Amino acid sequence: MNIQQLIDDIAADVRPYLAQAAPADYIPALAGEDPQQFAMAVATLDGQLYATGHSDKRFSIQSISKAFMLARVLAVYGDALWQRVGKEPSGNPFNSLVQLEYEQGVPRNPFINAGALVVTDIALSQLGDSSSALRDFLREESAQPALDFDYVIAASESEHGHRNAALAHFMKSCGNLHNNVEQVLAHYFRACSLRMNVAELARAGLFLANHGASPVSGAQRLTRSQAKQVNAIMLTCGTYDAAGEFAYRVGLPCKSGVGGGILAVLPGKMSIAVWSPGLDARGNSLAGLEALDRFTTRSGESVF
Ligand code: GLN
């Protein structure tokens with residue numbers, strides 16, 4: 001398979017979709033991204049990196065941070081995590097409030113916002129400064145010491161993050177947040193604001209493709225079984241109420257973010273990152289989904 005040719009062709013083929021979607025505007029600092037941008041990168045376990053489009057441009061990884069935060073917390077806290085958050089798809093939007101009260105403040109999974117707030121709370125208890133710990137982890141896993149938060153985006157989200165504040169306060173009332181609510185929200189927003197480009201993101205995802213062992217840092221980040229678990233939750237919950245469509249069309253564990261990025265993992269082979277800021281109705285990159293669908297369809301690769 002000629003991966004470079006394949007992703008260059010895909011970049012050309014998805015161009016018509018770029019005009020059909022707009023960036024997230026509920027976080028005002030994200031709304032200004034030009035929706036005509038597209039980038040895709042593939043990092044393989046044999047050390048190759050292929051990239052196309054605006055692959056140097058860093059964007060806000062938003063909820064893709066949740067996959068890495070889950071991996072960090074699973075590594076240090078283990079299965080005790082599952083007392084505080086479930087592992088079932090929610091079938092609801094990522095910021096939905098309805099299910100949480102029925103389920104006594106225990107979020108369905110770690111990738112909806114409520115679940116990620118619980119994971120952040122555990123990270124604060126276990127790792128101390130959880131957002132900095134995540135940033136340092138991603139610096140190591142992308143071999144890019146310059147990666148950092150975007151404080152403008154974090155502040156913008158904090159100012160407008162009333163739904164996340166509502167989720168956090170409700171969970172606090174149920175006893176499922178142990179740290180101060182404002183502190184949990186601040187670390188959550190900061191982690192979401194991290195800026196990376198597709199090449200850095202694809203490289204950082206390699207430990208998930210390599211059964212927990214990072215070919216970038218040389219560290220065993222997760223056990224083989226934990227890497228399988230994170231990938232399984234990405235497949236079933238990583239794209240929220242579109243997880244069924246992603247499994248059907250892409251057939252890979254994926255984690256999306258409202259910054260327009262999507263990380264996909266092909267265990268045993270490669271990690272793929274796409275970015276285009278225009279989102280579909282469910283908050284996933286429209287051109288990103290089209291690109292990943294074409295990648296697995298044309299290459300014949302998927303987990304199925
Ligand atoms: N920071 C965003 C939020 O909390 C993340 C959502 C997302 O990327 N899906 O709403």
Side-chain angles (χ1 to χ4, degrees), residues 21-31 33 58-70 85 89-100 107-121 123 130-131 134-135 138 149-171 177 181-196 198 201 233-234 236-243 245-246 254-264 273-286 288-289:
D25 58 6
Y26 76 98
I27 302 173
L30 291 179
E33 279 287 2
R58 289 192 174 134
F59 56 91
S60 177
I61 66 169
Q62 291 296 318
S63 286
I64 302 171
S65 65
K66 294 172 183 171
F68 296 112
M69 193 67 104
L70 173 64
V85 59
S90 72
N92 282 316
F94 59 83
N95 55 4
S96 173
L97 294 150
V98 288
Q99 217 161 30
L100 201 56
R108 269 291 168 101
N109 67 66
F111 291 157
I112 51 174
N113 288 6
L117 289 163
V118 169
V119 174
T120 302
D121 183 58
S130 69
S131 51
L134 184 73
R135 179 194 57 192
L138 288 171
F149 307 120
D150 185 321
Y151 291 100
V152 173
I153 290 179
S156 174
E157 184 164 14
S158 178
E159 197 184 334
H160 296 86
H162 305 299
R163 292 185 76 91
N164 285 322
L167 293 166
H169 280 287
F170 182 73
M171 290 190 291
L177 279 195
V181 168
E182 298 311 322
Q183 194 190 5
V184 174
L185 287 166
H187 280 270
Y188 169 80
F189 293 144
R190 218 174 292 147
C192 287
S193 82
L194 274 161
R195 275 191 181 277
M196 297 173 76
V198 284
L201 206 48
I233 297 171
M234 285 172 67
T236 54
C237 312
T239 51
Y240 315 110
D241 44 341
E245 189 178 356
F246 268 76
C254 290
K255 184 73 210 81
S256 63
V258 292
I262 306 173
L263 173 68
V274 283
W275 172 62
S276 186
L279 305 181
D280 63 18
R282 292 185 283 201
N284 300 309
S285 172
L286 179 71
L289 169 57

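Everything quoted here is computed from the prediction, not taken from an experiment. Both ligands and their constituent atoms are indexed starting at 1 by order of listing.
Between the Ser285 side chain and the Ser276 main chain, a donor and an acceptor come within less than 3.5 Å of each other.
Within 4.0 Å of ligand 1, heavy atoms belong to protein residues Tyr26, Gln62, Ser63, Phe94, Asn113, Glu157, Asn164, Tyr188, Cys192, Tyr240, Gly257, Val258.
For Ala123, the side-chain contact (heavy atoms from CB on, under 4.5 Å) partners are Met69, Val73, Leu127, Ser130, not counting sequence neighbours. Residues passing the salt bridge (Lys or Arg N to Asp or Glu O under 4.0 Å) test with Glu159, sequence neighbours excluded: none. Judged as a side-chain contact (heavy atoms from CB on, under 4.5 Å), and not counting sequence neighbours, the contacts of Asn95 are Pro93, Asn113, Arg163.
Counting heavy atoms from C-beta outward, Met196 and Leu138 have side chains that approach closer than 4.5 Å.
The two residues Cys237 and Phe111 come nearest to each other via the heavy atoms O-CB, 3.8 Å.
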